[in-house]
Each structure stands twice: as C-alpha cells, then as structure tokens.
Amino acid sequence: MDFNSHADAIVRVAVGLVNELTPGERRGRAFPLPRDLVAAAAAGLRTGYPNHREVTEGEAGELAEIAARLRGVFDAVATGDVDAAALQVNGLLEETRARPLLDRHDGEPWHLHFHGPGGTMAGDWAASCATGLAIVLGSEFHDRLGVCTAPHCDRVYVDVSRNGTRRFCGTACQNRVKTAAFRARGRVP
Ligand SMILES: [Zn+2]
C-alpha cells in the first residue's frame with residue numbers, strides 16, 4: 001500500500017508521536033509519560049523523518065498534546081468507530097486550518113507539505129498528521145489504523161500489509177502472544 005510516499009511518512013510520524021508521547025502500556029509494561037519529553041518527541045518525529053532536527057522543550061510539550069489527540073483517532077478506528085475517528089480528524093483539520101503547500105528542500109523533489117496557522121513546527125506537524133490520517137480514513141484503507149491487541153500493550157500502528165491482517169505493534173508483541181499460546185497448550189516453543 002502506498003498512498004503517496006510523503007503521505008506515508010506523515011502517517012508514520014503520527015504513529016511515532018502517539019507511541020513515544022502518550023502514556024499507557026508498551027510490550028507488557030507500564031509506559032508512563034517519558035521524563036525526557038524532548039528525546040521522546042524527536043524519536044517520534046524520526047519514525048517518519050529519520051533526519052528530523054532536534055526539538056525544543058516547548059515544541060516537545062506541544063507535540064505531546066497533539067499526540068494525545070492523534071491517539072483518539074487510532075482508538076476509535078480500533079474499536080470499529082470510523083465515524084468518530086472521522087469527526088476527530090475533521091476537528092483537527094479545522095483547528096489547524098491545514099494548508100497544503102508544495103515545497104522543495106534538501107535536494108528532494110517537489111512534495112506537499114501541510115502548514116498550520118502559527119508557522120510553528122508543532123503546529124505544522126499537527127496539520128500534517130491530521131491530513132495524513134484524513135488521507136487514510138478517506139481511502140479504501142480506512143480500517144488500517146490499529147492499536148496493539150497483545151496483553152498490556154496499547155501502542156499503535158498503521159497496517160501496510162497487503163491483506164491487512166496486522167494485529168500487533170511489532171514483532172516483540174507478536175512473539176509474546178505466540179509464546180503465551182504455546183505455553184497455554186503445554187508446549188515449549
Ligand atoms: Zn504491542
């Protein structure tokens with residue numbers, strides 16, 4: 001699945017921000033709000049943009065607030081409520097007044113960027129992530145946003161597999177569940 005390579009990167013950033021900046025559980029353990037929000041925010045952005053610059057403390061705080069809003073969209077889709085997800089994304093698009101602009105930098109070809117109203121980095125990412133999720137929800141792949149179904153994990157993912165059968169945030173959780181199933185059957189894997 002390839003909506004458009006730039007939109008794919010934006011959706012990966014949305015996943016990264018939610019997974020690095022929203023508290024909950026990760027791979028079987030409690031995941032509190034990270035103490036080093038600056039490092040966590042940079043890690044989230046680099047999920048989609050490996051060379052993203054460092055972020056400031058203020059930006060990290062703003063990105064954490066945006067991440068909490070984005071999580072709501074993944075949660076709604078995971079429970080089958082695409083209508084609620086669409087309403088939330090529309091709310092974000094309205095608030096950020098997401099504005100498309102063709103941009104070319106760092107030797108890349110022209111590509112679409114989305115800007116928020118304030119000209120801030122976090123605002124631009126809010127507009128971009130809202131647009132990226134809107135592209136997913138408005139496509140035939142609207143059910144491809146998910147929350148990990150392994151026990152004690154609520155990290156999110158976007159399912160880009162051909163048949164759309166992904167259920168876990170990553171191989172660590174997939175293996176955890178497989179191992180538990182083997183044990184339940186009295187076999188050691
Ligand atoms: Zn997981």
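Counting starts at 1 for both ligands and their atoms, following the listed order. The first residue of the sequence shown is numbered 1, and numbering continues consecutively from there.
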Can a donor-acceptor pair be found, under 3.5 Å and without considering hydrogens, that links the side chain of Ser128 to the backbone of Ile10? no

Whether Asp81 side chain and Ala76 backbone form a donor-acceptor pair below 3.5 Å: no

Heavy-atom donor-acceptor pair, Glu59 side chain to Thr56 backbone, under 3.5 Å: yes

Do you know how many protein N, O or S atoms are within a distance smaller than 2.8 Å of the Zn ion (ligand 1)? 4

Gln174: partners by side chain to side chain donor-acceptor pair (under 3.5 Å), with sequence neighbours left out: none

Closest approach of Ala172 to Arg27 (non-hydrogen atoms, all atoms of both residues): CB-CD, 3.4 Å

Going by atom types alone, do Arg71 and Thr22 pair a side-chain donor with an acceptor below 3.5 Å? yes

